[in-house]
There are 2 protein chains.
Amino acid sequence: MATLTKTRIIDAAIAVVDEHGFDGLTMRALAEQLGVTATALYYHYAGREELLAGLVEHQTATLVQAAPAEGAWDERARTLITTMVSELDRQPELAVWIITTQARQPPVLQLHEALLAILIDGGFSPRDAIEAKGILFRYVIGHLVLANAPEGQPWRQLPEHYPLLRATGPAHDTIDRVQLFERGLDTILTGLRPEVPRAGGSPNQWVPDRGVVLGPAPRSWHDG
Amino acid sequence: MATLTKTRIIDAAIAVVDEHGFDGLTMRALAEQLGVTATALYYHYAGREELLAGLVEHQTATLVQAAPAEGAWDERARTLITTMVSELDRQPELAVWIITTQARQPPVLQLHEALLAILIDGGFSPRDAIEAKGILFRYVIGHLVLANAPEGQPWRQLPEHYPLLRATGPAHDTIDRVQLFERGLDTILTGLRPEVPRAGGSPNQWVPDRGVVLGPAPRSWHDG
DNA sequence: ACCTGAACACCGTTCAAGT
DNA sequence: ACCTGAACACCGTTCAAGT
């Protein structure tokens with residue numbers, strides 16, 4: 001029996017999530033998967049929170065690199081966001097956990113930084129870029145949360161108290177969520193034009209020196 | 001000591017949430033607040049889920065009535081949404097619970113129905129109305145979830161690995177979230193114009209007969 | 001250094017028993 | 001009809017003890 005390592009623990013955690021879902025990922029279940037006592041995990045991770053953070057880091061490592069480095073700002077933003085959403089959509093429970101508890105942790109901060117870079121390259125002023133980023137993130141987060149919501153009854157079978165939902169039920173039940181998401185994303189991007197649109201490339205006056213934005217993040221903000 | 005009723009239980013639940021937060025609302029804590037055993041609650045509510053649903057019903061009862069019955073569709077939508085958000089923002093933890101677990105339950109369905117009515121009155125086709133509703137809800141939900149996210153470190157104190165977030169930190173930390181939300185809402189509403197805009201009032205061909213949309217909802221969809 | 005075993009302080013929930 | 005008490009099957013976490 002090989003000795004316990006962080007890598008082995010995270011791999012086992014992924015296996016447990018695949019088998020029993022995100023809620024089934026308890027310290028005891030994870031320990032059983034590893035053939036070990038639950039308390040043994042505390043030697044490698046300070047607690048459940050830290051373990052999940054490690055899992056998130058592993059699952060989102062390649063997310064930011066999806067952002068193309070060149071092109072029109074709205075195309076770059078669209079690519080970053082749709083890639084990110086399609087990746088996170090595969091683990092919606094994990095995505096919701098990230099969103100609700102890790103909003104200011106490195107994996108998420110990397111996405112903020114990447115989107116901000118795109119907006120600023122596109123000619124947005126700092127305030128407008130922050131605002132645009134906030135609006136886009138709100139939309140993305142809402143989508144991810146809804147993707148994780150329990151299916152519930154079909155809209156067309158609702159009680160008569162909801163006549164419009166009922167009448168539009170068939171259309172409601174068959175709508176393509178990906179298409180809906182992208183239509184909304186387009187709507188927002190179109191409405192968020194910078195005052196002075198610029199082609200990518202030339203630097204902005206107020207933009208600080210920055211290194212490679214896409215490099216590996218520090219494990220937590222304390223390291224920085 | 002008065003006998004236990006659903007009303008008394010819900011009132012006590014509100015008191016517990018005020019004192020110990022949403023996470024502190026356990027069956028045992030609620031029982032203690034009522035001077036009763038935890039198991040006594042199961043005589044009145046089938047379980048925790050049902051009890052929380054009762055709490056939600058109580059807290060959101062007046063939400064839908066904020067929608068003005070007349071005026072331009074976008075003004076009506078804006079009023080419905082901003083009122084709803086400002087109400088739910090006062091109990092963000094509860095709001096997130098509603099969103100993530102009660103997405104198809106009556107209190108939320110009422111909001112869907114109300115927004116759908118506004119869009120259809122505004123001239124949206126069924127498909128477009130559903131799509132617009134989906135986009136708007138995604139944005140609103142994202143905002144509510146972010147409002148509940150842990151504050152975390154100030155943006156301006158982030159490590160150097162996030163140069164743009166750091167540089168824009170002061171602006172980031174002082175931004176008015178309500179204003180940001182409303183700017184985004186305007187952006188979306190502006191982008192979501194119906195193909196054939198109409199003044200409120202005249203009926204749409206395909207709109208089914210419907211009674212008073214704003215009446216009290218059935219307690220659960222099973223009742224309908 | 002790395003892991004076990006027992007224990008603590010919690011959860012939601014069930015169910016027989018009391019009044 | 002309405003509530004209690006004991007118990008079940010879980011949680012995350014701590015800590016002394018083993019090797």
Side-chain angles (χ1 to χ4, degrees), chain A residues 1-58 93-94 96-98 100-102 105 150 219-220, chain B residues 1-58 93-94 96-98 100-102 105 150 219-220:
Chain A
M1 184 63 74
T3 185
L4 228 46
T5 62
K6 292 203 174 193
T7 310
R8 275 193 68 218
I9 292 174
I10 296 300
D11 286 346
I14 292 168
V16 171
V17 170
D18 283 346
E19 252 184 273
H20 305 100
F22 185 73
D23 284 345
L25 180 57
T26 66
M27 300 303 271
R28 284 174 169 88
L30 177 54
E32 191 185 12
Q33 173 83 17
L34 287 158
V36 108
T37 305
T39 51
L41 300 169
Y42 287 84
Y43 186 80
H44 300 273
Y45 285 100
R48 187 171 185 267
E49 188 93 344
E50 197 170 299
L51 196 150
L52 288 178
L55 177 61
V56 168
E57 225 175 295
H58 183 270
E93 290 172 314
L94 186 65
V96 168
W97 183 81
I98 296 172
T100 51
T101 71
Q102 307 285 101
Q105 293 307 117
R219 302 214 138 216
S220 90
Chain B
M1 183 63 73
T3 184
L4 227 47
T5 62
K6 292 203 174 193
T7 311
R8 274 193 69 219
I9 292 174
I10 297 298
D11 287 346
I14 294 168
V16 172
V17 171
D18 284 346
E19 253 184 273
H20 305 99
F22 185 73
D23 284 344
L25 180 58
T26 66
M27 301 303 271
R28 285 174 169 87
L30 178 54
E32 191 185 11
Q33 172 84 17
L34 287 159
V36 107
T37 304
T39 52
L41 300 169
Y42 287 83
Y43 186 79
H44 300 272
Y45 285 100
R48 188 170 183 268
E49 189 92 344
E50 196 170 301
L51 197 151
L52 288 178
L55 177 62
V56 168
E57 226 174 294
H58 184 271
E93 290 171 314
L94 185 64
V96 168
W97 183 81
I98 296 172
T100 51
T101 72
Q102 307 285 101
Q105 292 308 115
R219 303 214 136 217
S220 91

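Numbered from 1 within each chain, the chains take letters A, B, ... in sequence-line order.
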task = Provide the Watson-Crick or G-U wobble partner of C:dA16, both distances under 3.5 Å; none if there is no partner.
result = D:dT4
query = Taking CG from B:Leu30 and C1' from C:dG12, how many angstroms apart are they, rounded to a whole number?
reply = 13 Å
task = Let me know the distance between CG of B:Leu52 and C1' of C:dG12, rounded to the nearest Å.
result = 12 Å
inquiry  = What is the separation between atom CD on B:Glu32 and atom P on D:dT4, rounded to the nearest whole Å?
reply    = 13 Å
key: Base-pairing mate for D:dA9 - Watson-Crick or G-U, with both contacts under 3.5 Å   = none
Distance in angstrom units between A:Arg28 CZ and C:dT4 P, rounded = 14 Å
task = With the side chain of A:Tyr42 defined as its heavy atoms from C-beta on, choose the nearest nucleotide among D:dG5, D:dG12, C:dA1.
result = D:dG12
request  = Among the candidates C:dC2, C:dT13, D:dC3, find the nucleotide nearest to the side-chain atoms of B:Thr39.
outcome  = C:dT13
B:Arg8 side-chain N/O to B:Thr3 backbone N/O, donor-acceptor pair under 3.5 Å = yes
ask   = If we only count heavy atoms from C-beta on, is the A:His44 to A:Thr5 side-chain gap below 4.5 Å?
value = no
ask   = Under 6.0 Å from the CD atom of A:Glu93, do we count more than 12 heavy atoms belonging to anything else shown?
value = yes
ask   = Is A:His44 near enough to C:dC3 that one of its side-chain N or O atoms lies under 4.0 angstrom from OP1 or OP2?
value = yes
Residue B:Thr3, side-chain atoms from C-beta onward, closest of D:dC3, C:dT4, D:dG12 = D:dC3
inquiry  = Checking contacts here: which listed nucleotide (C:dC3, D:dT13, D:dT4) is nearest the side-chain heavy atoms of A:Ala40?
reply    = C:dC3
ask   = A:Arg48 has an atom CZ; how far is it from atom P of D:dG12, in whole Å?
value = 6 Å
task = Would you mind telling me which of C:dG12, D:dA1, C:dT4 lies closest to the side-chain atoms of B:Met27?
result = C:dG12
